[in-house]
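Reckoned from all heavy atoms, side chains included, excluding hydrogens, waters and symmetry mates. Below, chain A is the first sequence line, B the second, and so on; all start at residue 1.
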Number of protein chains: 2
Amino acid sequence: MLPQERTEPPFTFTYLNNMAQRIFIVDDHPMVVEGMRHMLQQITGVEVCGHASTARSCLGYFVKNTADVVLLDINLPDQSGIEVCKTLVLQHPALKVIALTNFDQLTYIQRMQEAGAKGYLLKNASLDEIEHALQAVAGNQEYWLGRDNQRDTLKDHNQLLLTRREIEVLKWIAEGLTNQEIADKLFVSASTIDSHRKNLISKLQVKNTAALVRTALENKII
Amino acid sequence: MLPQERTEPPFTFTYLNNMAQRIFIVDDHPMVVEGMRHMLQQITGVEVCGHASTARSCLGYFVKNTADVVLLDINLPDQSGIEVCKTLVLQHPALKVIALTNFDQLTYIQRMQEAGAKGYLLKNASLDEIEHALQAVAGNQEYWLGRDNQRDTLKDHNQLLLTRREIEVLKWIAEGLTNQEIADKLFVSASTIDSHRKNLISKLQVKNTAALVRTALENKII
DNA sequence: GCCTCCTTCCCCTAAAAGAGGGATTTTTTA
DNA sequence: TAAAAAATCCCTCTTTTAGGGGAAGGAGGC
(Lines give C-alpha, C1' and ligand atoms only; values in the text may rest on other atoms or scores of the structure.)
Protein backbone atom coordinates (compact mmCIF):
# COMPACT_ATOMS: atom_id res chain seq x y z
CA MET A 1 0.00 0.00 0.00
CA LEU A 2 1.36 3.36 -0.96
CA PRO A 3 1.33 6.34 1.30
CA GLN A 4 -1.34 8.68 0.11
CA GLU A 5 -1.95 12.35 0.39
CA ARG A 6 -4.23 13.53 3.09
CA THR A 7 -7.68 13.82 1.63
CA GLU A 8 -9.46 17.12 1.75
CA PRO A 9 -11.01 17.95 5.06
CA PRO A 10 -14.75 17.49 5.23
CA PHE A 11 -17.04 20.43 4.87
CA THR A 12 -18.63 20.21 8.23
CA PHE A 13 -19.59 23.61 9.49
CA THR A 14 -19.23 24.42 13.13
CA TYR A 15 -17.87 27.91 13.46
CA LEU A 16 -16.55 30.47 11.06
CA ASN A 17 -12.89 29.65 11.15
CA ASN A 18 -12.94 26.06 12.25
CA MET A 19 -13.55 22.82 10.51
CA ALA A 20 -14.84 20.10 12.76
CA GLN A 21 -12.16 17.75 13.92
CA ARG A 22 -13.11 14.28 12.69
CA ILE A 23 -12.37 11.59 15.27
CA PHE A 24 -12.15 7.86 14.69
CA ILE A 25 -12.30 5.63 17.78
CA VAL A 26 -10.65 2.22 17.96
CA ASP A 27 -11.33 0.08 21.01
CA ASP A 28 -12.64 -3.42 21.48
CA HIS A 29 -14.77 -2.50 24.47
CA PRO A 30 -18.15 -1.10 23.42
CA MET A 31 -18.36 0.61 26.79
CA VAL A 32 -15.22 2.60 26.07
CA VAL A 33 -16.30 3.45 22.54
CA GLU A 34 -19.71 4.65 23.59
CA GLY A 35 -18.40 6.43 26.65
CA MET A 36 -15.81 8.23 24.56
CA ARG A 37 -18.32 9.01 21.84
CA HIS A 38 -20.61 10.50 24.45
CA MET A 39 -17.82 12.63 25.86
CA LEU A 40 -16.82 13.84 22.40
CA GLN A 41 -20.39 14.82 21.61
CA GLN A 42 -20.13 17.38 24.36
CA ILE A 43 -17.17 19.09 22.70
CA THR A 44 -17.98 21.64 20.01
CA GLY A 45 -16.04 21.45 16.79
CA VAL A 46 -15.59 17.72 17.07
CA GLU A 47 -17.40 14.88 15.37
CA VAL A 48 -16.98 11.13 15.55
CA CYS A 49 -16.62 9.84 12.00
CA GLY A 50 -16.58 6.18 12.92
CA HIS A 51 -15.24 3.52 15.18
CA ALA A 52 -13.73 0.07 14.99
CA SER A 53 -13.29 -2.71 17.48
CA THR A 54 -10.45 -4.51 15.72
CA ALA A 55 -7.19 -3.54 14.05
CA ARG A 56 -8.48 -5.09 10.87
CA SER A 57 -11.64 -3.06 10.62
CA CYS A 58 -9.75 0.06 11.61
CA LEU A 59 -7.19 -0.39 8.85
CA GLY A 60 -10.03 -1.29 6.51
CA TYR A 61 -11.66 2.04 7.16
CA PHE A 62 -8.48 3.94 6.46
CA VAL A 63 -7.98 2.34 3.06
CA LYS A 64 -10.58 4.61 1.51
CA ASN A 65 -11.30 7.10 4.26
CA THR A 66 -9.41 9.23 6.67
CA ALA A 67 -9.94 11.30 9.78
CA ASP A 68 -8.17 14.04 11.68
CA VAL A 69 -7.60 12.13 14.87
CA VAL A 70 -7.60 8.45 15.81
CA LEU A 71 -8.15 7.47 19.42
CA LEU A 72 -6.39 4.14 19.38
CA ASP A 73 -6.51 1.46 22.06
CA ILE A 74 -3.18 -0.25 22.68
CA ASN A 75 -4.77 -3.63 23.28
CA LEU A 76 -6.74 -4.86 20.34
CA PRO A 77 -7.90 -8.44 19.88
CA ASP A 78 -6.21 -9.11 16.56
CA GLN A 79 -3.13 -6.89 16.46
CA SER A 80 -1.18 -4.57 18.71
CA GLY A 81 -2.26 -0.96 18.69
CA ILE A 82 1.40 -0.08 18.32
CA GLU A 83 1.59 -1.82 14.95
CA VAL A 84 -1.68 -0.28 13.88
CA CYS A 85 -0.29 3.12 14.81
CA LYS A 86 2.82 2.60 12.65
CA THR A 87 0.72 1.57 9.69
CA LEU A 88 -1.67 4.46 10.06
CA VAL A 89 0.95 7.20 10.27
CA LEU A 90 2.80 5.65 7.32
CA GLN A 91 -0.31 5.74 5.18
CA HIS A 92 -1.74 8.98 6.53
CA PRO A 93 1.15 11.23 7.59
CA ALA A 94 -1.19 14.02 8.66
CA LEU A 95 -3.23 11.75 10.89
CA LYS A 96 -2.90 12.41 14.61
CA VAL A 97 -2.95 9.22 16.60
CA ILE A 98 -3.77 9.49 20.29
CA ALA A 99 -3.21 6.33 22.28
CA LEU A 100 -5.96 5.11 24.59
CA THR A 101 -4.64 3.27 27.57
CA ASN A 102 -5.39 2.09 31.05
CA PHE A 103 -3.37 3.12 34.04
CA ASP A 104 -1.59 -0.20 34.21
CA GLN A 105 -0.36 -0.02 30.64
CA LEU A 106 1.50 3.24 30.88
CA THR A 107 4.79 1.60 29.96
CA TYR A 108 3.49 1.02 26.49
CA ILE A 109 2.93 4.66 25.74
CA GLN A 110 6.58 5.23 25.00
CA ARG A 111 6.34 2.62 22.28
CA MET A 112 3.25 4.33 20.97
CA GLN A 113 5.23 7.56 20.88
CA GLU A 114 7.97 5.84 18.90
CA ALA A 115 5.29 4.41 16.62
CA GLY A 116 4.23 7.95 15.72
CA ALA A 117 1.46 8.73 18.18
CA LYS A 118 0.99 12.37 19.11
CA GLY A 119 -0.33 11.86 22.61
CA TYR A 120 -2.21 9.60 24.91
CA LEU A 121 -5.30 9.60 27.05
CA LEU A 122 -6.30 7.41 29.94
CA LYS A 123 -9.56 5.61 29.23
CA ASN A 124 -11.12 7.34 32.18
CA ALA A 125 -9.90 10.76 31.13
CA SER A 126 -12.07 13.74 31.96
CA LEU A 127 -13.81 15.86 29.36
CA ASP A 128 -11.22 18.54 30.00
CA GLU A 129 -8.31 16.23 29.36
CA ILE A 130 -9.86 14.94 26.14
CA GLU A 131 -10.48 18.49 25.00
CA HIS A 132 -6.93 19.53 25.78
CA ALA A 133 -5.49 16.57 23.95
CA LEU A 134 -7.58 17.29 20.86
CA GLN A 135 -6.68 20.98 20.93
CA ALA A 136 -3.03 20.09 21.25
CA VAL A 137 -2.92 17.80 18.24
CA ALA A 138 -5.10 20.20 16.25
CA GLY A 139 -2.39 22.80 16.78
CA ASN A 140 0.30 20.35 15.71
CA GLN A 141 1.44 19.99 19.29
CA GLU A 142 1.75 16.76 21.16
CA TYR A 143 -0.05 15.80 24.32
CA TRP A 144 2.07 13.80 26.71
CA LEU A 145 1.50 15.98 29.71
CA GLY A 146 -0.62 13.45 31.47
CA ARG A 147 2.21 10.95 31.28
CA ASP A 148 4.69 13.34 32.77
CA ASN A 149 2.29 14.34 35.49
CA GLN A 150 1.70 10.73 36.19
CA ARG A 151 5.39 10.05 36.30
CA ASP A 152 5.94 12.88 38.71
CA THR A 153 3.35 11.58 41.07
CA LEU A 154 4.94 8.19 41.26
CA LYS A 155 7.60 7.47 43.78
CA ASP A 156 9.85 4.46 44.03
CA HIS A 157 12.45 4.75 41.30
CA ASN A 158 10.00 6.19 38.78
CA GLN A 159 8.16 2.92 38.45
CA LEU A 160 5.27 3.48 36.13
CA LEU A 161 3.89 0.00 36.11
CA LEU A 162 2.48 -2.19 38.79
CA THR A 163 4.08 -5.58 38.86
CA ARG A 164 2.17 -8.77 38.25
CA ARG A 165 2.39 -9.65 41.89
CA GLU A 166 1.18 -6.27 42.99
CA ILE A 167 -1.85 -6.46 40.74
CA GLU A 168 -2.54 -9.95 42.01
CA VAL A 169 -2.38 -8.76 45.61
CA LEU A 170 -4.46 -5.71 44.73
CA LYS A 171 -7.26 -7.89 43.44
CA TRP A 172 -7.41 -9.82 46.68
CA ILE A 173 -7.30 -6.62 48.71
CA ALA A 174 -10.30 -5.33 46.78
CA GLU A 175 -12.07 -8.60 47.55
CA GLY A 176 -11.78 -7.72 51.21
CA LEU A 177 -9.09 -10.17 52.24
CA THR A 178 -6.64 -9.22 54.97
CA ASN A 179 -2.89 -9.46 54.56
CA GLN A 180 -2.86 -12.76 56.41
CA GLU A 181 -5.63 -14.23 54.28
CA ILE A 182 -3.90 -13.20 51.07
CA ALA A 183 -0.64 -14.57 52.43
CA ASP A 184 -2.29 -17.94 53.03
CA LYS A 185 -3.68 -17.93 49.51
CA LEU A 186 -0.35 -17.13 47.89
CA PHE A 187 1.76 -19.25 50.24
CA VAL A 188 3.93 -16.37 51.37
CA SER A 189 4.24 -14.48 54.62
CA ALA A 190 1.87 -11.75 55.70
CA SER A 191 4.86 -9.41 55.75
CA THR A 192 5.24 -9.87 52.03
CA ILE A 193 1.65 -8.95 51.37
CA ASP A 194 2.10 -5.99 53.67
CA SER A 195 5.06 -4.86 51.57
CA HIS A 196 3.05 -5.17 48.40
CA ARG A 197 0.21 -3.23 49.94
CA LYS A 198 2.54 -0.48 51.04
CA ASN A 199 4.14 -0.32 47.61
CA LEU A 200 0.73 -0.12 45.99
CA ILE A 201 -0.30 2.73 48.26
CA SER A 202 2.98 4.47 47.51
CA LYS A 203 2.89 3.91 43.75
CA LEU A 204 -0.68 5.02 43.32
CA GLN A 205 -0.19 7.92 45.71
CA VAL A 206 -3.17 7.21 47.88
CA LYS A 207 -3.70 7.52 51.60
CA ASN A 208 -4.98 4.11 52.56
CA THR A 209 -6.49 0.87 51.39
CA ALA A 210 -9.94 2.34 50.79
CA ALA A 211 -8.58 4.93 48.37
CA LEU A 212 -6.34 2.29 46.85
CA VAL A 213 -9.34 0.14 45.94
CA ARG A 214 -11.18 3.14 44.58
CA THR A 215 -8.26 4.23 42.43
CA ALA A 216 -7.69 0.71 41.21
CA LEU A 217 -11.30 0.33 40.11
CA GLU A 218 -11.60 3.77 38.59
CA ASN A 219 -8.43 3.28 36.58
CA LYS A 220 -9.49 -0.20 35.57
CA ILE A 221 -6.33 -1.70 37.03
CA ILE A 222 -8.50 -4.48 38.38
CA MET B 1 -42.55 11.94 18.61
CA LEU B 2 -41.70 9.34 16.06
CA PRO B 3 -40.03 6.06 16.82
CA GLN B 4 -36.37 6.62 16.49
CA GLU B 5 -34.52 3.39 16.30
CA ARG B 6 -36.60 0.47 15.30
CA THR B 7 -34.44 -1.20 12.73
CA GLU B 8 -35.20 -4.90 12.61
CA PRO B 9 -38.17 -6.45 10.87
CA PRO B 10 -40.59 -8.26 13.18
CA PHE B 11 -39.90 -11.68 11.69
CA THR B 12 -36.36 -12.42 12.74
CA PHE B 13 -35.81 -16.15 12.89
CA THR B 14 -33.50 -17.70 15.41
CA TYR B 15 -34.65 -21.20 16.10
CA LEU B 16 -37.47 -23.39 14.89
CA ASN B 17 -40.00 -22.82 17.60
CA ASN B 18 -38.92 -19.46 18.89
CA MET B 19 -39.39 -15.94 17.76
CA ALA B 20 -36.68 -13.63 18.93
CA GLN B 21 -37.57 -11.77 22.07
CA ARG B 22 -37.61 -8.08 21.13
CA ILE B 23 -36.10 -5.90 23.83
CA PHE B 24 -36.44 -2.15 24.19
CA ILE B 25 -33.99 -0.42 26.54
CA VAL B 26 -34.80 2.79 28.40
CA ASP B 27 -31.99 4.49 30.32
CA ASP B 28 -30.54 7.95 30.23
CA HIS B 29 -26.96 6.73 30.60
CA PRO B 30 -25.45 5.75 27.24
CA MET B 31 -22.99 3.56 29.10
CA VAL B 32 -25.82 1.49 30.56
CA VAL B 33 -27.65 1.27 27.25
CA GLU B 34 -24.59 0.18 25.34
CA GLY B 35 -23.43 -2.14 28.07
CA MET B 36 -26.84 -3.78 28.22
CA ARG B 37 -27.09 -3.94 24.43
CA HIS B 38 -23.73 -5.66 24.32
CA MET B 39 -24.80 -8.17 26.95
CA LEU B 40 -28.04 -8.89 25.12
CA GLN B 41 -26.20 -9.48 21.86
CA GLN B 42 -24.56 -12.43 23.50
CA ILE B 43 -27.90 -14.08 24.23
CA THR B 44 -29.42 -16.11 21.41
CA GLY B 45 -33.06 -15.56 20.65
CA VAL B 46 -32.95 -11.96 21.77
CA GLU B 47 -32.74 -8.77 19.78
CA VAL B 48 -32.68 -5.14 20.79
CA CYS B 49 -35.40 -3.35 18.85
CA GLY B 50 -34.51 0.11 20.06
CA HIS B 51 -33.69 2.30 22.98
CA ALA B 52 -34.67 5.60 24.51
CA SER B 53 -33.00 7.92 26.96
CA THR B 54 -36.13 9.74 28.11
CA ALA B 55 -39.64 8.81 29.16
CA ARG B 56 -40.95 10.93 26.33
CA SER B 57 -39.06 9.20 23.55
CA CYS B 58 -39.84 5.83 25.10
CA LEU B 59 -43.58 6.50 25.14
CA GLY B 60 -43.24 7.97 21.66
CA TYR B 61 -41.85 4.70 20.39
CA PHE B 62 -44.68 2.70 21.90
CA VAL B 63 -47.37 4.79 20.22
CA LYS B 64 -46.87 2.96 16.94
CA ASN B 65 -44.56 0.13 17.87
CA THR B 66 -44.23 -2.49 20.50
CA ALA B 67 -41.74 -4.97 21.90
CA ASP B 68 -41.73 -8.08 24.01
CA VAL B 69 -39.72 -6.73 26.90
CA VAL B 70 -38.83 -3.26 28.12
CA LEU B 71 -35.80 -2.80 30.34
CA LEU B 72 -36.84 0.37 32.12
CA ASP B 73 -34.68 2.60 34.27
CA ILE B 74 -36.43 3.94 37.36
CA ASN B 75 -34.68 7.31 37.16
CA LEU B 76 -35.36 9.12 33.93
CA PRO B 77 -34.66 12.80 33.37
CA ASP B 78 -38.18 13.84 32.46
CA GLN B 79 -40.52 11.44 34.24
CA SER B 80 -40.40 8.65 36.80
CA GLY B 81 -39.88 5.17 35.43
CA ILE B 82 -42.74 4.09 37.66
CA GLU B 83 -45.20 6.32 35.81
CA VAL B 84 -43.80 5.20 32.47
CA CYS B 85 -44.30 1.62 33.58
CA LYS B 86 -47.96 2.23 34.44
CA THR B 87 -48.58 3.87 31.08
CA LEU B 88 -46.82 1.14 29.15
CA VAL B 89 -48.65 -1.79 30.73
CA LEU B 90 -51.96 0.05 30.32
CA GLN B 91 -51.38 0.56 26.61
CA HIS B 92 -49.61 -2.76 25.97
CA PRO B 93 -50.97 -5.36 28.39
CA ALA B 94 -48.76 -8.10 26.94
CA LEU B 95 -45.60 -6.07 27.39
CA LYS B 96 -43.20 -7.30 30.05
CA VAL B 97 -41.53 -4.47 31.89
CA ILE B 98 -38.33 -5.25 33.75
CA ALA B 99 -37.08 -2.48 36.00
CA LEU B 100 -33.45 -1.43 35.80
CA THR B 101 -32.09 -0.19 39.07
CA ASN B 102 -28.99 0.52 41.04
CA PHE B 103 -28.29 -1.08 44.35
CA ASP B 104 -29.21 2.04 46.26
CA GLN B 105 -32.64 2.32 44.71
CA LEU B 106 -33.94 -1.07 45.69
CA THR B 107 -36.80 0.41 47.70
CA TYR B 108 -38.38 1.63 44.51
CA ILE B 109 -38.75 -1.79 43.01
CA GLN B 110 -41.82 -2.52 45.05
CA ARG B 111 -43.48 0.48 43.47
CA MET B 112 -42.38 -0.78 40.07
CA GLN B 113 -44.00 -4.09 40.92
CA GLU B 114 -47.21 -2.30 41.84
CA ALA B 115 -46.94 -0.36 38.60
CA GLY B 116 -47.05 -3.61 36.66
CA ALA B 117 -43.43 -4.54 36.20
CA LYS B 118 -42.64 -8.24 35.90
CA GLY B 119 -39.19 -8.20 37.40
CA TYR B 120 -36.09 -6.19 37.99
CA LEU B 121 -32.41 -6.29 37.21
CA LEU B 122 -29.51 -4.49 38.80
CA LYS B 123 -27.65 -2.37 36.27
CA ASN B 124 -24.55 -4.41 36.86
CA ALA B 125 -26.36 -7.72 36.48
CA SER B 126 -24.43 -10.62 35.01
CA LEU B 127 -25.24 -12.17 31.66
CA ASP B 128 -26.73 -15.10 33.54
CA GLU B 129 -29.07 -12.94 35.55
CA ILE B 130 -30.24 -11.07 32.46
CA GLU B 131 -30.85 -14.33 30.68
CA HIS B 132 -32.80 -15.75 33.60
CA ALA B 133 -34.94 -12.65 33.86
CA LEU B 134 -35.74 -12.74 30.14
CA GLN B 135 -36.54 -16.43 30.25
CA ALA B 136 -38.79 -15.89 33.24
CA VAL B 137 -40.89 -13.17 31.63
CA ALA B 138 -40.97 -15.07 28.33
CA GLY B 139 -42.60 -17.92 30.24
CA ASN B 140 -45.10 -15.54 31.84
CA GLN B 141 -43.29 -15.83 35.14
CA GLU B 142 -41.97 -12.94 37.14
CA TYR B 143 -38.39 -12.33 38.14
CA TRP B 144 -38.03 -10.89 41.60
CA LEU B 145 -35.62 -13.47 42.90
CA GLY B 146 -32.76 -11.07 43.05
CA ARG B 147 -34.72 -8.75 45.28
CA ASP B 148 -35.56 -11.50 47.71
CA ASN B 149 -32.00 -12.71 47.74
CA GLN B 150 -30.87 -9.21 48.33
CA ARG B 151 -33.36 -8.77 51.10
CA ASP B 152 -32.17 -11.93 52.78
CA THR B 153 -28.61 -10.82 52.75
CA LEU B 154 -29.35 -7.55 54.46
CA LYS B 155 -29.33 -7.32 58.20
CA ASP B 156 -30.51 -4.51 60.41
CA HIS B 157 -34.29 -4.50 60.37
CA ASN B 158 -34.46 -5.48 56.69
CA GLN B 159 -33.20 -2.11 55.58
CA LEU B 160 -32.83 -2.15 51.86
CA LEU B 161 -31.66 1.38 51.34
CA LEU B 162 -28.62 3.24 52.48
CA THR B 163 -29.45 6.49 54.18
CA ARG B 164 -28.31 9.86 52.87
CA ARG B 165 -25.85 10.14 55.69
CA GLU B 166 -24.46 6.70 55.06
CA ILE B 167 -23.92 7.44 51.40
CA GLU B 168 -22.28 10.71 52.33
CA VAL B 169 -19.92 8.95 54.71
CA LEU B 170 -19.30 6.24 52.15
CA LYS B 171 -18.12 8.79 49.62
CA TRP B 172 -15.58 10.17 52.04
CA ILE B 173 -14.42 6.70 52.99
CA ALA B 174 -13.79 5.94 49.33
CA GLU B 175 -11.80 9.17 49.11
CA GLY B 176 -9.43 7.71 51.66
CA LEU B 177 -10.42 9.76 54.68
CA THR B 178 -10.23 8.22 58.14
CA ASN B 179 -13.11 8.22 60.59
CA GLN B 180 -11.63 11.20 62.41
CA GLU B 181 -11.14 13.19 59.23
CA ILE B 182 -14.70 12.55 58.11
CA ALA B 183 -15.93 13.42 61.59
CA ASP B 184 -14.14 16.77 61.38
CA LYS B 185 -15.68 17.43 58.00
CA LEU B 186 -19.22 16.66 59.11
CA PHE B 187 -18.88 18.21 62.58
CA VAL B 188 -19.73 15.02 64.41
CA SER B 189 -17.73 12.63 66.54
CA ALA B 190 -15.49 9.93 65.13
CA SER B 191 -17.69 7.40 66.90
CA THR B 192 -20.56 8.43 64.71
CA ILE B 193 -18.59 7.88 61.56
CA ASP B 194 -17.47 4.58 62.95
CA SER B 195 -21.10 3.61 63.47
CA HIS B 196 -21.96 4.57 59.93
CA ARG B 197 -19.03 2.60 58.64
CA LYS B 198 -20.09 -0.44 60.60
CA ASN B 199 -23.66 -0.11 59.36
CA LEU B 200 -22.44 0.18 55.79
CA ILE B 201 -20.32 -2.93 56.13
CA SER B 202 -23.25 -4.72 57.69
CA LYS B 203 -25.83 -3.56 55.15
CA LEU B 204 -23.72 -4.34 52.13
CA GLN B 205 -22.56 -7.59 53.66
CA VAL B 206 -18.89 -7.09 53.09
CA LYS B 207 -15.89 -7.96 55.20
CA ASN B 208 -14.09 -4.66 55.51
CA THR B 209 -13.64 -1.18 54.15
CA ALA B 210 -11.73 -2.31 51.07
CA ALA B 211 -14.57 -4.55 49.96
CA LEU B 212 -17.04 -1.84 50.93
CA VAL B 213 -15.44 0.62 48.54
CA ARG B 214 -15.33 -1.98 45.82
CA THR B 215 -18.98 -2.91 46.23
CA ALA B 216 -20.01 0.73 46.39
CA LEU B 217 -18.24 1.53 43.13
CA GLU B 218 -19.35 -1.61 41.33
CA ASN B 219 -22.96 -1.01 42.29
CA LYS B 220 -22.70 2.66 41.40
CA ILE B 221 -23.75 3.67 44.89
CA ILE B 222 -21.08 6.34 44.73
C1' DG C 1 29.64 -9.33 35.80
C1' DC C 2 27.22 -5.54 37.25
C1' DC C 3 23.00 -3.45 38.10
C1' DT C 4 18.14 -2.96 38.46
C1' DC C 5 13.91 -4.77 39.58
C1' DC C 6 10.97 -8.12 41.73
C1' DT C 7 9.85 -10.81 45.40
C1' DT C 8 10.47 -12.11 49.64
C1' DC C 9 10.85 -11.31 54.75
C1' DC C 10 11.76 -8.85 59.06
C1' DC C 11 11.85 -4.97 62.68
C1' DC C 12 9.49 -1.04 65.05
C1' DT C 13 5.52 2.23 66.73
C1' DA C 14 1.22 4.37 66.39
C1' DA C 15 -3.09 4.78 64.33
C1' DA C 16 -7.12 2.93 62.53
C1' DA C 17 -10.51 -0.43 61.84
C1' DG C 18 -13.43 -4.50 63.19
C1' DA C 19 -16.63 -6.71 66.45
C1' DG C 20 -19.33 -6.71 70.23
C1' DG C 21 -22.16 -4.14 73.08
C1' DG C 22 -25.59 -0.07 74.47
C1' DA C 23 -27.87 4.50 74.58
C1' DT C 24 -29.90 9.08 73.46
C1' DT C 25 -31.99 12.44 70.54
C1' DT C 26 -33.99 13.98 66.38
C1' DT C 27 -36.61 13.23 62.26
C1' DT C 28 -39.89 10.85 59.43
C1' DT C 29 -43.81 8.50 58.57
C1' DA C 30 -47.84 5.77 59.07
C1' DT D 1 -49.56 11.46 67.88
C1' DA D 2 -47.24 7.32 68.50
C1' DA D 3 -44.14 4.26 66.23
C1' DA D 4 -40.31 3.65 63.29
C1' DA D 5 -36.20 5.03 61.43
C1' DA D 6 -32.14 7.76 61.32
C1' DA D 7 -28.40 10.02 63.37
C1' DT D 8 -25.80 10.75 67.10
C1' DC D 9 -22.45 9.18 70.77
C1' DC D 10 -20.10 6.07 74.08
C1' DC D 11 -17.73 1.68 75.98
C1' DT D 12 -14.21 -2.41 75.64
C1' DC D 13 -11.20 -5.38 73.29
C1' DT D 14 -8.71 -7.42 69.36
C1' DT D 15 -6.96 -7.32 64.90
C1' DT D 16 -5.29 -4.92 61.01
C1' DT D 17 -3.07 -1.02 58.63
C1' DA D 18 0.03 2.81 58.03
C1' DG D 19 4.47 4.40 57.81
C1' DG D 20 9.13 4.20 58.91
C1' DG D 21 13.14 1.44 58.35
C1' DG D 22 16.22 -2.50 56.36
C1' DA D 23 17.84 -6.65 53.82
C1' DA D 24 18.57 -10.92 51.04
C1' DG D 25 18.02 -13.97 47.02
C1' DG D 26 16.88 -14.45 42.12
C1' DA D 27 15.90 -13.16 37.24
C1' DG D 28 16.88 -10.55 33.48
C1' DG D 29 18.98 -6.73 30.94
C1' DC D 30 23.08 -4.39 29.41
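- By the 4.5 Å heavy-atom criterion applied to side chains, B:Asp194 and B:Ser189 are not counted as neighbours.
- Atom CD of B:Glu168 is separated from atom P of D:dA7 by 9 Å (rounded to the nearest Å).
- When rounded to the nearest whole Å, the span between CG of A:Leu200 and P of C:dT8 equals 13 Å.
- Ion pairing between A:Lys86 and A:Glu114 fails under the 4.0 Å rule for side-chain N and carboxylate O.
- Remark: P of D:dA18 and CD of A:Gln205 are 14 Å apart, rounded to the nearest angstrom.
- Comparing the local axis fitted to the first five base pairs of the helix from C:dG1-D:dC30 to C:dA30-D:dT1 with the one fitted to its last five gives a bend of 70°, rounded to 10°.
- Checked against the 6.0 Å centroid criterion, the rings of A:Phe62 and A:His92 qualify as a close aromatic pair.
- Atom CD of B:Glu166 is separated from atom P of D:dA5 by 13 Å (rounded to the nearest Å).
- At distances below 3.5 Å, not a single donor-acceptor pair connects side-chain atoms of B:Asn75 with backbone N or O atoms of B:Gly81.
- Between B:Glu166 and B:Lys203 a salt bridge is recorded (basic side-chain N to carboxylate O distance below 4.0 Å).
- In this structure, A:Phe187 places its CZ atom 17 Å from C1' of C:dT7, rounding to the nearest Å.
- When the C1' atom of D:dT8 is taken as reference, atom CZ of B:Arg165 falls 9 Å away, rounded to whole Å.
- Of the possible donor and acceptor atoms, none in the side chain of A:Thr192 sits under 3.5 Å from a partner among the backbone N and O of A:Val188.
- Rounded to an integer number of Å, the gap from B:Ile193 CD1 to D:dC10 C1' is 15 Å.
- For the OP1/OP2 pair of C:dC6 and a distance below 4.0 Å, the side-chain nitrogens and oxygens of A:His196 include no atom meeting the criterion.
- Residue B:Thr192 is in base contact, counting any heavy-atom pair closer than 4.0 Å across all strands shown.
- For D:dG19, the OP1/OP2 oxygens have no side-chain nitrogen or oxygen of A:Ser202 closer than 4.0 Å.
- Inspection of the B:Asn140 and B:Lys96 side chains reveals an N or O donor paired with an N or O acceptor under 3.5 Å.
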For nucleotides 16-25 of chain C, just jot down a letter per nucleotide in 5' to 3' order: B, S or -, based on protein non-hydrogen atoms under 4.0 Å.
-SSBB-----
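- B:Glu34 meets the salt bridge (charged side-chain N to carboxylate O under 4.0 Å, His left out) test with B:Arg37; sequence neighbours excluded.
- No more than 12 heavy atoms of other residues, nucleotides or ligands lie within 6.0 Å of NZ in A:Lys185, so this atom counts as exposed by the packing criterion.
- The distance from atom CD1 of A:Ile173 to atom C1' of D:dT16 is 12 Å, rounded to the nearest whole Å.
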